[in-house]
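In what follows, a single structure is set out as structure tokens and then discussed.
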Amino acid sequence: MLARRSLLAAGLALPALPAFAQTYPERPVRCVNPFSAGSAVDVVIRLVAQDLSERIGTQFVVENRTGASGNIGTEFAARSRADGYTLLVGSPGTMGINPFLFRTLPYKVEDFVAVSHLVSFPQVMVVNPNSPIRSLADLVQAAKARPGALNYATSGAGSTSHLAFELVRAATGIEMTHIPFRGGSPAIQAVMQGEVQVAIEGLPSLPGFLSAGQLRAVAVTSGTRAAKLPDVPSVAETVPGFDAAAWVIVFAPTGTPAPIVQRLSAEIQASLARPAVRDRLADLGASVIGTDAPTTAAFHARELEKWQRAVQLSGARVE
């Protein structure tokens, strides 16, 4: 079997699964991404879906169902048949933040089971290149000297960038004023134009600005330094244990047969182990993870606790 050979070639053994799981998938699998095409999450899942399609011989099709902060696509996946043919491409917004941000939500975290943690993306704290702030320590010192006087830009109230900054603010004891924008691009533009002092944004959208000298990176929010920005310290070097990286996790509707979840997880891990896939993801600034379902579920549970705390710190709430 092609899939079995591909797994063995990647150093992963196909689990001892029932016959129906070993023949799965027998028709196209839909991967629902609740955000727009071209985003970092979209690029990641399309790379993995293409490799799965080529190796297994059955199409893994990425379907973008956008709207309502990701809630429309996520609800669609939650309501789909639990047969392994509809999957959710989850990220902190829909599967970490929204369950605590929205007073009413058309889905529950419990509607899904974790399949595999594909990648994590560090977020980057950036300032104007003419700013005297060159490190997180500089920012903390400046903010404490003038509590509430410094501004930070984000892609919107309740966004991953907003809540990551709230975790930084709480961990360092600083007071700053939040300036929400409608998306990451205008927030970054505000920093470049000197309208705000600092912002946090996902790494994939920043390399061009950084290499052109239009922004200066002062810290990354992942637990360790980012391979793509090796000279930029992590927040954890100042605040031990800090980690507010974004991530991409594939979920399946609750009730999906465990053997199919195992099969999916093993195949995704095989795709992530392929050099061509790993190298392309590394180019995007992603840290490739590729964990099995139980490990992914445990990681997701910890992330829910962290983002719940961030939402509470921010005071953000959507009716």
Side-chain angles (χ1 to χ4, degrees), residues 29-36 39 41-42 44-45 60 62-121 155-164 166-167 243-265 268 289 291-319:
V29 177
R30 177 167 47 191
C31 304
V32 178
N33 177 10
F35 295 104
S36 61
S39 64
V41 173
D42 192 68
V44 169
I45 192 58
F60 281 70
V62 179
E63 183 175 305
N64 299 92
R65 285 183 172 255
T66 64
S69 300
N71 293 341
I72 289 176
T74 306
E75 180 188 14
F76 175 82
R79 303 288 177 263
S80 300
R81 290 185 62 181
D83 55 7
Y85 288 95
T86 300
L87 307 174
L88 172 70
V89 185
S91 55
T94 53
M95 292 297 288
I97 295 169
N98 287 3
F100 309 107
L101 179 66
F102 285 81
R103 198 169 297 277
T104 59
L105 203 62
Y107 65 89
K108 303 187 298 293
V109 171
E110 294 77 16
D111 291 333
F112 296 96
V113 293
V115 175
S116 184
H117 179 182
L118 277 61
V119 302
S120 285
F121 280 109
S155 56
S159 64
T160 306
S161 60
H162 174 207
L163 298 180
E166 283 297 302
L167 290 172
D243 187 351
W247 37 259
V248 180
I249 293 176
V250 169
F251 295 89
T254 296
T256 301
I260 287 181
V261 172
Q262 289 178 270
R263 173 73 192 277
L264 279 166
S265 183
I268 289 171
I289 310 296
T291 50
D292 61 18
T295 305
T296 303
F299 168 80
H300 183 233
R302 295 192 298 272
E303 288 294 294
L304 283 168
E305 292 180 0
K306 176 172 69 185
W307 293 114
Q308 180 181 24
R309 177 172 176 266
V311 171
Q312 291 169 342
L313 286 168
S314 73
R317 195 69 169 166
V318 178
E319 296 298 331

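Predicted model, so just to flag it, every value in this text is computed and none were measured.
Minimum heavy-atom separation, Leu264 to Val115: CB-CG1, 3.8 Å. Minimum heavy-atom separation, Ser265 to Asp292: OG-CA, 3.3 Å. Of all the heavy atoms in Ala164 and Ala244, the pair that sits closest is CB-CB, 4.1 Å. The two residues Ala114 and Val261 have their closest heavy-atom pair at O-CG1, 3.9 Å. The shortest non-hydrogen separation linking Ile289 to Ser120 is CG1-N, 3.9 Å. Closest of all the heavy-atom pairs between Ala310 and Leu163 is O-CD2, 3.6 Å.
Using cut-offs of 30° and 60° for the angle between ring planes, the His300 and Phe251 rings count as perpendicular.
The backbone N or O of Gly70 lies less than 3.5 Å from a partner atom in the side chain of Thr74, making a donor-acceptor pair. Judged by distance alone, the side chain of Asn98 and the main-chain N or O of Ser69 form a donor-acceptor pair under 3.5 Å. With Asn33 contributing its side chain and Glu63 its backbone, the two residues share no donor-acceptor pair below 3.5 Å. Distance alone, capped at 3.5 Å, places no donor-acceptor pair between the Thr66 side chain and the Phe35 backbone.
Between atom CG of residue Leu313 and atom CG of residue Leu167 there is a gap of 6.5 Å, rounded to the nearest 0.5 Å. In this structure, CG in Leu304 is found 10.0 Å from CZ in Phe299, a value given to the nearest 0.5 Å. Rounded to the nearest 0.5 angstrom, Lys306 NZ and Asp243 CG are separated by 4.5 Å. To the nearest 0.5 angstrom, Ser80 atom OG is 10.0 Å from Glu75 atom CD. Between Phe60 atom CZ and Ile268 atom CD1 the span is 7.5 Å, to the nearest 0.5 Å. A distance of 10.5 Å separates CG in Leu105 from CZ in Phe100, rounded to the nearest 0.5 Å.
Put simply, the side chain of Thr94 reaches to within 4.5 Å of the side chain of Tyr107, judged on heavy atoms. Trp307 places none of its side-chain heavy atoms less than 4.5 Å from the side chain of Met95. Residues Cys31 and Val250 have side chains not in contact (no heavy-atom distance under 4.5 Å, counting atoms from C-beta outward). Taking the side chain as every heavy atom from C-beta outward, Ser159 and Ile97 never approach each other to under 4.5 Å.
Taking a cutoff of 4.0 Å between a charged side-chain nitrogen and a carboxylate oxygen, Arg302 and Glu305 do not qualify as a salt bridge.
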- request: Before giving the answer on side chain to side chain contact (heavy atoms under 4.5 Å, CB included), spell out for Arg79 and Asp111 the whole-Å C-alpha distance, their side-chain angles and the decisive distance to 0.1 Å.
  value: CA-CA 8 Å; Arg79 303 288 177 263; Asp111 291 333; 3.8 Å; yes
field: Candidate pair Val89 and Leu118, rule side chain to side chain contact (heavy atoms under 4.5 Å, CB included), full reasoning
entry: CA-CA 10 Å; Val89 185; Leu118 277 61; over 6 Å; no
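One side chain, Ser161 or Ser155, offers a donor N or O that lies under 3.5 Å from an acceptor on the other. In this structure, a donor-acceptor pair under 3.5 Å is present between the side chains of Thr291 and Thr296. Judged by distance alone, the side chains of Asp42 and Ser39 never bring a donor and an acceptor atom under 3.5 Å apart.
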